[in-house]
Amino acid sequence: MDSVLIVSNTSSTLGIISELLSSQTFEKIATFQNCSEARRDLIQNTYDLIIIDSPLPDENGEDFSLYAADQTDSGIIYIVDNERLYDINIDIEDAGVFVLPKPISPEFFYQAVKLLIASRKRVHYLENENLKLHKKIEEIRLIDRAKCILIQYLQMTEPQAHKYIEKQAMNLRLSKVQMAESILKTYER
């Protein structure tokens, strides 16, 4: 993780959280004392981790945490008074926000941050795998469309069309996708 946004209404809490995070390898730590400044900052900047310490002076932290969860793919930690923990947790846990009780020990905070970092890495890995699979599916669809064109216009069988695309791609030093695109350009006008 490279960047952190911390939103807290007290400068002492901002300093404590920043100090707790200093043992991590964060390149950028941005701090704000109200949600409106943090919202404006989120329009222009992205963060890997957002930490919200309630209460906040201009709006409740739940609304901001839900906004951040909806508008970003950041990991979000919401720190709330222990008495309100279970009421808050029901409302925002479905949005993927980690809710931590206050007061919070440095060890517990450190473990929560590490857990969130690990889960974010796993999610990013799965998102990348998903993108690769979608790309592969689109390539297969494109090649299948080209095969259908060859079957329709040149009366080839499916195995013949498949072999034709592979052979032409190899002979012309193109990928099968490029060859399929060329076939589609030729016959689909």
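No experiment lies behind these values; they were computed from the predicted model shown.
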So does K136 get a backbone contact from the side chain of E139, meaning a donor-acceptor N/O pair under 3.5 Å? no
Is it true that a side-chain atom of Q178 and a backbone atom of S175 form a donor plus acceptor pair closer than 3.5 Å? yes
Within-4.5 Å side-chain heavy-atom neighbours: T157 and Q160: yes
Side chain to side chain, L5 and F32, heavy atoms closer than 4.5 Å: yes
Just by modelled atom types, is the N34 backbone N or O under 3.5 Å from a matching donor or acceptor in the D58 side chain? no
Please check this pair: side chain of K102 against backbone of S54, looking for a donor-acceptor N/O pair closer than 3.5 Å. yes
Do K28 and V4 have side chains that get closer than 4.5 Å, going by heavy atoms? no
Qualifying ring-ring contact (aromatic ring centres under 6.0 Å, His included) pairs with a residue from residues 142-162, counting only residues at least two apart or across chains: Y153-Y187
Residue pair N128, H124: steps toward the side chain to side chain donor-acceptor pair (under 3.5 Å) verdict: CA-CA 6 Å; N128 288 337; H124 284 297; over 6 Å; no
Same cluster or not: are L154 and L184 linked, directly or through other Ile, Leu, Val, Met, Phe, Trp or Tyr residues, by side-chain heavy atoms under 4.5 angstrom apart? yes
Would a 4.5 Å heavy-atom cut-off, applied to side chains only, mark S105 and Y110 as touching? no
Give me the one residue out of I51, V99, V97 that meets side-chain contact (heavy atoms from CB on, under 4.5 Å) with I76. V97
Would you say that I77 contacts V113 through its side chain, given a criterion of any heavy-atom pair below 4.5 Å between the two side chains? yes
Heavy-atom side-chain contact between K135 and L131 under 4.5 Å: no
Quick note, salt bridge (charged side-chain N to carboxylate O under 4.0 Å, His left out) partners involving residues 147-171, not counting sequence neighbours, are D144-K147, K147-E158, E166-K176
Within the 4.5 Å heavy-atom criterion, are I79 and I52 side-chain neighbours or not? no
Can D53 and Y78 be counted as having a side-chain donor-acceptor contact under 3.5 angstrom? no
Using a 3.5 Å distance criterion without hydrogens, assess whether the side chain of E59 forms a donor-acceptor pair with backbone atoms of L56. no
With a 4.5 Å heavy-atom cut-off, do T72 and L42 have their side chains touching? yes
Does R39 make a cation-pi contact with Y67 (under 6.0 Å, within 45 degrees of the axis)? yes
Do NZ/NE/NH1/NH2 and the carboxylate oxygens of E138 and R141 come within less than 4.0 Å? yes
Say whether, by atom type as modelled, one donor and one acceptor occur between the side chain of S74 and the main chain of Y47 under 3.5 angstrom. yes
Please check: side-chain N/O of S65 versus main-chain N/O of E62, any donor-acceptor pairing under 3.5 Å? yes
With sequence neighbours excluded, tell me which residues meet salt bridge (charged side-chain N to carboxylate O under 4.0 Å, His left out) with E37. none
